[in-house]
Amino acid sequence: MFEKEIIRLLKKETKQKNITLEIPPNPDLGDFAFPCFILAKQHQKNPNEIALELSMKIKPTELLEAIVPKGPYLNFFLNRSKLSELTLKSILKEKDKYGSYLVGKGKTALIEHTSINPNAAPHVGRARNAIIGDSITRLLKFQGYKTEVHYFVNDVGKQIAILVLGIGSKKPEFKKLLNIYSKTYNKIRKSKKLEQQAFILLKKFEEGDKETIKRFNHVVDICIKGQIETLSKLNVKYDVFDYESKYLFDKKIKEILAKLEKTNQLITDKDNRKVLNLSSFNLPTKEPYFVLTRSDNTSLYSLRDIAYTLDKIKKSKTKNIIVLGEDQKLYFQQIKAALSLLKQQAPQVIHYSHILLAGGNKMSTRTGDVVLLEDFIKEAVKKAENELKKRKSRNIKKIASVIGIGAVKYSILKVSPDKNIVFDWDSALSFEGDTSQYIQYVYARASSILKKAKINHSNPNYLMISLPEEINLINKLYKFPETVYKATIELKPYIIANYLYQLAQIFNDFYHKCQCISEDRELTKTRLAIVAATRHVIKNGLNILGIDVTEKM
RNA sequence: GGACUUGUAGCGCAGACUGGAUAGCGCGCCUGCCUUCUAUUGCAAAAGAAGCAAGAAGCAAGCAGAGGGUCGUGGGUUCAAAUCCCACCAAGUCCA
């Protein structure tokens with residue numbers, strides 16, 4: 001609302017249609033700035049002069065304390081007590097809702113994420129998908145969307161056949177599967193005969209052989225249960241599990257082929273496979289053909305995926321999102337192209353880069369070269385426990401889990417998704433600097449101040465807010481809703497992670513400079529209101545990231 | 001060979017889409033500050049006690065400050081480029 005006021009005044013004075021405001025690099029210069037370069041060009045005048053002229057014409061208002069030219073910029077200072085009053089009042093009133101514009105009210109959002117192959121325990125690399133997906137779900141929920149989280153179970157495929165082959169008649173527990181899988185995979189690479197066996201199994205499964213289906217289902221069940229259990233430790237939950245095998249015999253497959261036939265882009269190639277000609281989409285593939293079936297006319301993963309995606313499109317009216325690794329970028333473009341031939345809008349996709357191991361290797365289930373998510377969580381919680389013991393905290397177990405799991409999530413969420421993360425235990429488990437516990441600590445600190453004060457902080461005196469540390473903090477709190485909004489539009493939780501870290505830093509500045517509990521009752525009330533407001537914002541923000549808070553640390 | 005993403009301080013990142021003021025942050029490094037301790041060393045040529053210094057540990061998950069940059073390289077556009085465009089280099093990913 002402050003921006004609006006400034007823009008209104010500037011429009012009136014400059015007769016410009018579009019006014020863009022900037023934030024000065026340094027708060028001493030003001031809260032908002034209007035650069036005068038464009039006007040300078042139009043009027044063939046020095047921008048410094050224009051800023052000066054405008055500063056004479058535009059008078060301060062109730063919301064704007066001062067308007068000062070500084071070189072080619074016209075800088076606006078907001079009315080402090082007004083800003084404080086509006087910000088603190090709305091935080092303390094809206095509480096857990098503060099920060100939401102409720103842009104998703106009455107709308108639904110379908111999110112597919114994780115969708116790990118059901119052949120082994122998830123490793124840290126896979127967790128990036130789940131954690132990003134979960135955070136986006138929470139973000140949309142916070143904005144009022146009704147969300148539905150889907151998990152696509154790829155229960156058809158060579159990797160399951162390999163596992164079935166490796167298991168034989170054994171009844172292994174979930175943890176052993178990774179080992180069995182990578183062993184069998186390596187054997188198969190060396191033996192054509194074994195590989196043939198895997199293909200035969202897969203074929204039987206696809207043909208509906210009851211015994212084989214049973215064996216496949218058995219393995220997939222163990223996997224999915226195990227995966228869900230691990231992910232539930234991160235408090236990541238799913239609403240619907242969709243099985244790829246459902247589409248093996250689905251009549252939709254034929255319908256889709258028939259529809260594609262009508263576009264004249266469906267061709268039977270020299271190997272008698274049905275392929276889709278995507279040459280009009282200019283994708284960077286060598287051949288512009290997207291293979292949908294085998295020579296015997298059975299469906300491939302691509303075709304089943306199209307069918308599944310169409311089902312999702314049907315279900316989701318307003319928002320349809322999928323989280324995929326960067327290795328799926330081109331593949332997804334092909335799916336998108338196929339859907340566009342069917343005149344359907346593909347889901348909004350979020351790609352993320354891989355988590356590499358400290359030698360530059362990608363984590364791979366095939367080679368077994370992985371850091372398991374389970375182990376990573378355990379280590380993080382253990383580390384937190386040790387730290388807490390040093391500080392003789394109470395309730396160590398519970399708090400350690402909040403901190404440890406928060407650290408796992410935050411370390412993944414804080415980095416922009418198109419950057420590779422190089423995993424090494426030391427920095428992943430470091431509890432210093434830009435970490436979740438630094439933020440959680442601010443929450444705990446704020447909680448303990450409020451508890452200690454035992455004073456009701458309603459009706460603070462906004463006129464008493466004057467120190468730069470207080471003002472900076474309130475400014476930052478004021479920006480929370482627009483930060484959340486930006487993260488929603490761009491589907492980027494890391495924006496919120498970065499914001500929270502900055503907020504925590506600013507709060508600590510405030511904490512060190514401003515004694516909250518003092519003889520002056522009026523001042524105490526006012527500062528407590530600031531503390532309480534910060535506490536709410538930290539909580540809301542961390543909640544979007546899926547990170548819990550704790551009253552004590 | 002083609003396409004996409006990334007490259008910002010020793011290390012890890014933000015800023016880039018939407019060009020604008022002195023390029024921010026964390027870790028580490030360096031300096032100073034606060035508390036406690038005395039296994040070790042010195043002041044100190046009996047021993048012990050106390051002290052000072054060194055040292056160690058710690059705190060409010062400490063504080064304050066300092067240093068650290070060809071924004072991958074080279075061009076171009078612009079009054080203005082980390083930001084936009086082109087070429088190249090390196091890393092990651094995909095395409096048969």
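First the proteins, then the strands, lettered A, B, ... as listed; each starts at 1. No hydrogens, no waters, no symmetry mates; every other heavy atom, side chains included, goes into these values.
- Distances from the side chain of A:Glu490 to the nucleotides B:C17, B:C94, B:C95 place B:C17 closest.
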With Watson-Crick and G-U wobble geometry limited to distances under 3.5 Å, how should the secondary structure of RNA chain B be encoded in dot-bracket form, using | for bases paired to another strand and [ ] for crossing pairs? ((((((((.[[[[.)....(...]]]]..((((((((...(((.......))).))))...))))......[[[[[..)....]]]]]))))))).
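- Closest contact between the side chain of A:Tyr511 and the listed nucleotides B:A60, B:C13, B:C95 involves B:A60.
- Straight-line distance between the P atoms of B:U18 and B:C85: roughly 10 Å, to the nearest whole Å.
- The nucleotide whose nearest atom lies closest to any side-chain atom of A:Leu29 is, among B:C94, B:A60, B:A21, B:A21.
- When the nucleotides B:G2, B:C79, B:G1 are ranked by their closest atom to the side chain of A:Phe37, B:C79 comes out on top.
- Heavy-atom neighbours of A:Lys336 NZ from other residues, nucleotides or ligands within 6.0 Å: at or below the threshold of 12.
- A heavy atom closer than 4.0 Å to some atom of RNA chain B occurs in A:Lys329, A:Leu330, these being the qualifying members of residues 328-339 of chain A.
- With both ends at atom P, the span from B:G68 to B:G10 equals 11 Å, rounded to whole Å.
- The separation of B:G74 from B:G58, taken at their P atoms, amounts to 47 Å, rounded to a whole angstrom.
- The OH atom of A:Tyr501 sits 15 Å away from the P atom of B:G15 (whole-angstrom rounding).
- Where A:Leu74 and A:Gln437 each meet RNA chain B at their nearest nucleotide, the meeting point lying more 5' is that of A:Leu74.
- Side chain to side chain, A:Glu551 and A:Tyr443 meet the donor-acceptor criterion of an N or O pair below 3.5 Å.
- Separation of the P atoms belonging to B:A16 and B:U6 is 12 Å when rounded to the nearest angstrom.
- Taking the six-membered ring where the residue is Trp, A:Phe480 and A:Tyr499 present tilted rings, their angle falling between 30° and 60°.
- Ring geometry for A:Phe152 versus A:Tyr301: interplanar angle of 30 to 60°, hence tilted.
- Straight-line distance from the NE2 atom of A:His354 to the P atom of B:U93: 7 Å, rounded to whole Å.
- For A:Glu385 and A:Lys382, the salt-bridge test fails: no basic side-chain N is under 4.0 Å from an acidic carboxylate O.
- Rounded to whole Å, the P atom of B:C52 lies 44 Å from the corresponding atom of B:C11.
- In this structure, CD1 of A:Ile439 is placed 13 Å from P of B:G26, rounded to the nearest angstrom.
- Note on A:Tyr438: nothing from the nucleic acid sits closer than 4.0 angstrom, heavy atoms only.
- B:G7 and B:U83 have their P atoms separated by 12 Å, with the value rounded to a whole Å.
- Nucleotide B:C25 holds its C1' atom 11 Å from the NZ atom of A:Lys476, rounded to whole Å.
- Residue-environment remark: NZ (A:Lys539) stays at or below the threshold of 12 foreign heavy atoms within 6.0 Å.
- A:Asn282 comes within 4.0 angstrom of nothing in the nucleic acid, heavy atoms only.
- Of the candidate nucleotides B:U6, B:G92, B:A21, B:G92 has the atom lying nearest to any side-chain atom of A:Glu326.
- The CG atom of A:Leu503 sits 21 Å away from the P atom of B:G24 (whole-angstrom rounding).
- A:Gln505 comes within contact range of the sugar-phosphate backbone alone, with a heavy-atom separation under 4.0 Å but no base atom that close.
- Going from the P atom of B:A21 to that of B:A80 covers 14 Å, rounded to whole Å.
- Residues satisfying the side-chain hydrogen bond (donor to acceptor under 3.5 Å, both in side chains) criterion with A:Ser448, sequence neighbours excluded, are absent altogether.
- In the set B:G92, B:A21, B:C95, B:A21 carries the atom at the smallest distance from any side-chain atom of A:Lys70.
- For residues 275-296 of chain A, every residue pair satisfying the salt bridge (Lys or Arg N to Asp or Glu O under 4.0 Å) rule, not counting sequence neighbours, is listed here: A:Glu206-A:Arg294.
- Legend: residues meeting side-chain hydrogen bond (donor to acceptor under 3.5 Å, both in side chains) with A:Ser135, ordered by chain and number and at least two apart, are absent.
- Put simply, CD1 on A:Ile355 is 16 Å from C1' on B:U6, counting in whole angstrom units.
- At B:G15, one or more side-chain N or O atoms of A:Tyr494 fall inside 4.0 Å of OP1 or OP2 (strictly under the cut-off).
- A:Ile23 has its CD1 atom 14 Å from the C1' atom of B:A21, to the nearest Å.
- Nearest-nucleotide assignment on RNA chain B puts the 5′-proximal partner with A:Lys486, out of A:Ile38 and A:Lys486.
- Residue-level contact check: A:Thr435 touches neither bases nor backbone, having no heavy atom under 4.0 Å from any strand.
- Legend: ring-ring contact (aromatic ring centres under 6.0 Å, His included) pairs involving residues 266-299 of chain A, not counting sequence neighbours: none detected.
- Residue A:Pro24 is classed as a base contact, given a heavy-atom separation below 4.0 Å to a base.
- Judged by distance alone, the side chains of A:Asn117 and A:Gln159 do bring a donor and an acceptor atom under 3.5 Å apart.
- Comparing B:G15, B:A21, B:U93 by their closest approach to the side chain of A:Pro25 singles out B:A21.
- A donor atom on one side chain and an acceptor atom on the other are not found under 3.5 Å apart for A:Arg273 and A:Asn297.
- In the displayed structure, A:Lys70 atom NZ is contacted under 6.0 Å by at most 12 heavy atoms of other residues, nucleotides or ligands.
- Separating the CD1 atom of A:Ile421 from the C1' atom of B:U93 is a distance of 15 Å, rounded to the nearest angstrom.
- Of all nucleotides listed (B:A3, B:A60, B:G92), B:A3 comes nearest to the side chain of A:Pro284.
- Taking atom P on both B:U5 and B:G15, the two are 16 Å apart, rounded to the nearest angstrom.
- Checked against B:G1, B:A60, B:C94, the side chain of A:Lys286 finds its nearest nucleotide in B:G1.
- No contact: A:Ala40 has no heavy atom under 4.0 Å from any strand.
- Residue-level contact check: A:Lys492 touches neither bases nor backbone, having no heavy atom under 4.0 Å from any strand.
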